[in-house]
Peer 1: 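Sharing a structure, written as structure tokens. Questions coming.
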Number of protein chains: 2
Amino acid sequence: MTTPRPGSRAEQRRRTEARILDAAAGVFVAAGYERATIRAVASAAGVDAGLVMHYFGSKQELYRRVIDAAPLPEVSGAPEEAVDQILATLAARLASEPTASLALLRSMLTNPEAASVASVGMARYQAQIADVIAADDASLRASIISAVILGVTVSRHLVKSDDLATADPARVISLLRPCLLALAAEGHASQ
Amino acid sequence: MTTPRPGSRAEQRRRTEARILDAAAGVFVAAGYERATIRAVASAAGVDAGLVMHYFGSKQELYRRVIDAAPLPEVSGAPEEAVDQILATLAARLASEPTASLALLRSMLTNPEAASVASVGMARYQAQIADVIAADDASLRASIISAVILGVTVSRHLVKSDDLATADPARVISLLRPCLLALAAEGHASQ
DNA sequence: GTCTATAAAGAGATAGAC
DNA sequence: GTCTATCTCTTTATAGAC
């Protein structure tokens, strides 16, 4: 992790690569994996399509590099705390446009690799949530919570056409809290 | 809407067309619009690709015919009734595989036409829900409810990798009810 | 009514020039 | 390091044979 002096070959390459990755994230978000073209990425980054291939080797690899940047949130503690953590993460995702995550979500339904990455990520997230829920159906409750977060994120950033797209994140969060608390709180484990 | 006698030209055509539509729905659900090919549809229907084009003219038109079959649920009455209606519809969608709707959902994020159809449908659904909520932020609450339903449906049928995919619909519904009631119930309109 | 053959366009990927 | 030219494959869509 050295930082070559500006102007050096390596440094320039790093910059160009970063610019391409940025552009690629944008294109993947806007178009989804299948519809995104190397050419579009290149043109958005202000370089040639051949260069993109030269750096990343394939479209799949470029895509992989983009979604590798998608962070996995951590959850732990008491149920109420966990809900607050989940909502805090969501609030951040509503406020800004989490490009890498959106690229992943957008492509999740059509690209097998995206689907598998998303699956694994969601499963891990759900497992963390399930761990803090005391009910016997904890894992189902966790799945539903995660589905709710998914639905809200997709509706706001990708489907748009929503009051959700323009709403103040704080209001969304405050409306969602009782909802998630009902799911995370043990007590009336059905049956 | 006449029903030609079996064996006639028109009747055979109708049957073949129906078989193609069926196959197409399956392919669109499994692959999404971009990845679905006319060839795959034709082969799934046991006919030639040329025949599919001959009947439907274009891939877009075939797709349109498939998603035209997706039903729009109705909601009305008191908030509690509305929630029950929403949940009843969801229960049905969890129990069976609503092919046309899934084709729409799967393609929603990559296909402009699917996106617009989905937008319109969701907006209409949200408007109905908003109508039965008395709060001043009714439309935001309705959007969130609709996002929740979207998230659960997508998680179960498309993302799969979930406890949701195998769960008993009745349990999902009973976990979701307090959640939706919290959203649909007026009372503490924030601010 | 159904299928074969083919045209036309677009994509990812490769080789090599500058 | 960056771009030009091109190959090859896949796809939709068309025209016409059976």
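Each chain gets a letter, A, B and so on, in the order the sequences are listed, and its residues count up from 1.
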Peer 1: Could you tell me how far apart Q60(B) (CD) and dA13(D) (C1') are, to the nearest whole angstrom?
Peer 2: 14 Å

Peer 1: When you measure from the side-chain N and O atoms of Y55(B) to the phosphate of dG1(C), is any distance below 4.0 Å, counting only OP1 and OP2?
Peer 2: no

Peer 1: Under a single-linkage definition using a 4.5 Å side-chain heavy-atom cutoff for Ile, Leu, Val, Met, Phe, Trp and Tyr, are I67(A) and I149(A) assigned to the same hydrophobic cluster?
Peer 2: no

Peer 1: Using a heavy-atom cut-off of 4.0 Å across all strands, would you classify A36(B) as base, sugar-phosphate, or nothing?
Peer 2: sugar-phosphate

Peer 1: Starting at atom CD of E34(B), determine the distance to atom P of dG12(C), rounded to an integer number of angstrom.
Peer 2: 13 Å

Peer 1: Is any side-chain heavy atom of S101(A) less than 4.5 Å from a side-chain heavy atom of H157(A)?
Peer 2: no

Peer 1: Would you kindly compare L51(A) and R39(A) by the position of their nearest DNA chain D nucleotide and give the one closer to the 5′ end?
Peer 2: L51(A)

Peer 1: May I have the distance from E11(A) (atom CD) to dG1(D) (atom P), rounded to whole angstrom?
Peer 2: 11 Å

Peer 1: On DNA chain C, check which nucleotide each of G57(A) and T37(A) is closest to and give me the residue with the more 5' one.
Peer 2: T37(A)

Peer 1: Looking at Q12(A), I'd like to know whether one of its side-chain N or O atoms comes within less than 4.0 Å of OP1 or OP2 on dT2(D).
Peer 2: yes

Peer 1: Between dG12(C) and S58(A), is there an OP1 or OP2 to side-chain N/O distance shorter than 4.0 Å?
Peer 2: no

Peer 1: What's the CD-P distance between E17(A) and dT2(D), to the nearest Å?
Peer 2: 10 Å

Peer 1: Are I38(A) and F56(A) packed together at the side-chain level, in the sense that at least one heavy-atom pair is separated by less than 4.5 angstrom?
Peer 2: no

Peer 1: To the side chain of K59(B), which of dA13(D), dC3(C), dT2(C) is closest?
Peer 2: dA13(D)

Peer 1: Is R35(B) positioned over the aromatic face of Y33(A), cation under 6.0 angstrom from the ring centre and no more than 45 degrees off axis?
Peer 2: no

Peer 1: Minimum heavy-atom separation for V29(B) to T99(B), with atom names?
Peer 2: CG2-O, 3.3 Å

Peer 1: I need the CG-P distance between D48(A) and dA15(C), as an integer number of Å.
Peer 2: 16 Å

Peer 1: Of the candidate nucleotides dT14(C), dT4(D), dT2(C), which contains the atom at the shortest distance from the side chain of M53(A)?
Peer 2: dT14(C)

Peer 1: Starting at atom CD1 of I38(A), determine the distance to atom C1' of dA13(C), rounded to an integer number of angstrom.
Peer 2: 9 Å

Peer 1: Between P on dG1(C) and CZ on F56(B), what's the gap in Å once rounded to a whole number?
Peer 2: 14 Å

Peer 1: Round to the nearest Å and state the distance from H54(A) atom NE2 to dT4(D) atom C1'.
Peer 2: 14 Å

